[in-house]
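Okay, so here's the structure we're looking at.
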There are 2 protein chains.
Amino acid sequence: MTEKKTKHHHGDLRNALIQAGIAILAEDGIDKLTLRRCAARAGVSHAAPAHHFKGVEGLRGAIAEEGFVIFRGYMQRELDKVGDDPHRRLKAISLGYLLFALENPALFELIFGISAMLYLNEVQPESPGASYDMLRQCCAPFVAEGAESGPVEAQVWSLIHGFATLFLSEQFGPVDRGNPDLDAFNKVITLLDSLPLADRA
Amino acid sequence: MTEKKTKHHHGDLRNALIQAGIAILAEDGIDKLTLRRCAARAGVSHAAPAHHFKGVEGLRGAIAEEGFVIFRGYMQRELDKVGDDPHRRLKAISLGYLLFALENPALFELIFGISAMLYLNEVQPESPGASYDMLRQCCAPFVAEGAESGPVEAQVWSLIHGFATLFLSEQFGPVDRGNPDLDAFNKVITLLDSLPLADRA
DNA sequence: TGTGTTAACTTTACAGTGTCAAGTTTGGAC
DNA sequence: GTCCAAACTTGACACTGTAAAGTTAACACA
């Protein structure tokens with residue numbers, strides 16, 4: 001308790017609301033994420049969040065920003081397990097991407113929901129950039145000197161994002177999110193084996 | 001007006017509500033799709049839809065069902081433009097997939113929203129199956145005799161679904177949905193060129 | 001130490017949402 | 001012609017976001 005910021009009233013309400021939101025997402029799902037519930041969980045009145053976020057979109061944006069940090073953690077953890085082989089790194093970051101989606105489905109939906117990009121672009125061009133940079137680095141070995149990197153990145157991102165989305169929504173069959181069968185993932189990801197390494201000077 | 005089904009009161013309220021919902025999606029976006037707005041647009045009281053759909057999820061499911069019909073139309077239209085070459089057919093169905101997303105973004109989001117699969121599975125195991133069958137047929141030439149078809153289908157579907165989702169949410173840059181630049185699509189889809197044709201008996 | 005100022009927060013209020021429980025109307029079977 | 005059940009309306013309630021007005025408390029300044 002000594003670490004209490006002893007700010008004006010609450011201390012650190014903005015962060016408390018974000019953490020409340022993340023907990024609500026994990027426990028109750030995305031459509032239970034409301035301003036009033038976050039406020040109640042943080043122990044303040046229902047109108048308090050308005051002083052820290054611009055409406056409910058602002059709150060969602062702030063939660064998404066925090067979500068990207070967690071997201072990057074998943075990818076980094078898998079990257080740390082493998083060496084320098086470019087194809088293995090590609091698979092590792094993809095696995096991290098998938099595991100994040102499986103273990104944080106509501107947060108994944110919040111972050112990558114189609115309408116989500118509206119507030120993301122406004123609120124924070126920072127964090128998604130950092131996530132994208134991780135992907136970019138993993139794709140770099142497959143981009144020829146002087147060539148544009150966009151197509152390879154789009155191929156890799158499309159494949160893993162599409163698979164994660166469809167797998168999570170059980171389009172490929174029932175999923176035990178606690179102990180997922182990664183057989184389908186391993187087979188799909190072989191498509192990236194056909195990506196040729198660029199010979200670099 | 002003579003074609004009025006002269007059912008009990010309204011005539012064909014269920015269908016009118018679905019059409020109202022599709023119009024609202026196109027005009028106002030997905031978060032304006034509410035029971036009360038659909039009811040108002042169809043000219044009935046706010047509680048009337050309850051007699052045709054099980055809550056708002058039921059309405060969304062019914063609209064999704066209709067959306068899949070439109071979706072299949074887009075894919076079929078592109079397939080009709082090409083011949084028998086398997087790789088070209090794969091690109092054609094993918095283009096139809098993308099064009100549907102671009103021209104019906106809210107409907108696409110409704111259909112493929114991550115939480116969407118809940119009511120889809122309950123309400124109608126029919127239409128999505130029909131859509132999936134189209135994909136399956138396009139993938140068949142790449143599946144060896146006796147081999148399982150799942151992996152190839154998952155690769156193709158993941159790639160195009162991921163690309164459509166990310167492209168639509170402008171992750172690859174600004175998009176003019178009326179006149180989209182399909183350059184990125186054409187480059188990403190080349191990844192499918194590496195799919196080997198199965199030599200069939 | 002006392003006094004303002006202002007940001008943080010609360011209270012109150014209102015429109016919109018889904019959903020339930022009653023009513024009312026009407027098409028059609030008998 | 002009567003009656004019934006389905007279709008639809010009306011009214012109510014809890015919940016949502018948001019705005020306006022009121023209250024509290026931290027801090028600067030005298």
Side-chain angles (χ1 to χ4, degrees), chain A residues 1-21 24-25 27-64 106 110 113 115-116 118-119 122-123, chain B residues 1-21 24-25 27-64 106 110 113 115-116 118-119 122-123:
Chain A
M1 289 295 178
T2 60
E3 64 198 23
K4 209 177 172 189
K5 288 286 183 60
T6 185
K7 265 190 174 178
H8 296 270
H9 286 64
H10 177 280
D12 192 10
L13 181 55
R14 187 189 141 90
N15 199 256
L17 288 168
I18 292 173
Q19 296 308 321
I24 289 172
L25 279 179
E27 294 172 17
D28 308 315
I30 197 166
D31 44 50
K32 295 295 177 57
L33 179 67
T34 68
L35 275 173
R36 291 172 109 107
R37 282 173 89 99
C38 287
R41 186 157 186 141
V44 293
S45 78
H46 68 268
H51 294 267
H52 298 276
F53 309 103
K54 201 170 84 183
V56 65
E57 298 283 88
L59 173 65
R60 292 165 70 92
I63 294 175
L110 175 69
S115 336
L118 297 165
Y119 50 78
E122 293 172 10
V123 172
Chain B
M1 289 295 176
T2 60
E3 63 198 24
K4 209 177 176 188
K5 288 283 182 61
T6 187
K7 263 190 175 178
H8 296 273
H9 286 64
H10 177 280
D12 192 10
L13 181 55
R14 188 188 141 90
N15 198 256
L17 289 167
I18 292 173
Q19 295 309 320
I24 289 172
L25 279 178
E27 294 171 17
D28 308 315
I30 198 167
D31 44 52
K32 295 295 177 58
L33 179 68
T34 68
L35 276 174
R36 291 171 110 105
R37 281 173 88 99
C38 287
R41 186 157 185 142
V44 293
S45 77
H46 68 267
H51 294 266
H52 298 276
F53 309 103
K54 203 171 83 183
V56 65
E57 298 283 89
L59 174 63
R60 293 165 69 92
I63 293 176
L110 175 70
S115 336
L118 297 165
Y119 50 78
E122 292 171 10
V123 172

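Lettering follows sequence order; numbering is per chain, from 1. Because the structure is a prediction, the values reported are computed rather than measured.
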Query raised in the report: Taking the side chain from R37(B) and the backbone from K32(B), do they hold a donor-acceptor pair closer than 3.5 Å?
Result: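 It does hold such a pair.
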Query raised in the report: Among all residues two or more places apart in sequence or in another chain, which pass the salt bridge (Lys or Arg N to Asp or Glu O under 4.0 Å) test with R41(A)?
Result: E27(A)
Query raised in the report: Roughly how many Å is it from CZ in F53(B) to C1' in dA7(D), rounded to a whole number?
Result: 14 Å
Report task. Nearest whole angstrom, please: distance from the C1' of dC8(D) to the CG of L13(B). Result -> 9 Å
Query raised in the report: So, is H52(A) close to the dC9(C) phosphate, meaning a side-chain N or O under 4.0 Å from OP1 or OP2?
Result: yes
Report task. Heavy atoms only: give me the nearest A39(B)-S45(B) pair and the separation to one decimal. Result ->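 Result for this residue pair: CB-O, 3.3 Å.
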Report task. To the nearest 0.5 angstrom, please state how far the OG1 atom of T34(B) sits from the NE2 atom of H46(B). Result -> 11.5 Å
**Report entry** Contact letters for nucleotides 10-19 of chain C, in which S counts primed atoms plus P, OP1 and OP2 and B counts the base, heavy atoms under 4.0 Å
**Finding:** BBBB---BBB
Report task. Sort by first number and list every stem of DNA chain C: at least 3 consecutive Watson-Crick or G-U wobble pairs, both distances under 3.5 Å. Result -> C:1-30 with D:1-30
Please examine the side chains of [Y] and [X], heavy atoms only from C-beta on, and report whether any two atoms are closer than 4.5 Å.
X      : Y      : answer
C38(A) : L59(A) : yes
I18(B) : F53(B) : yes
H51(B) : L13(B) : no

Requested in this report: Pick out which of L17(B), L33(B), I24(B) makes a side-chain contact (heavy atoms from CB on, under 4.5 Å) with I63(B).
Outcome: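 Single side-chain contact (heavy atoms from CB on, under 4.5 Å) partner of I63(B) among L17(B), L33(B), I24(B): L33(B).
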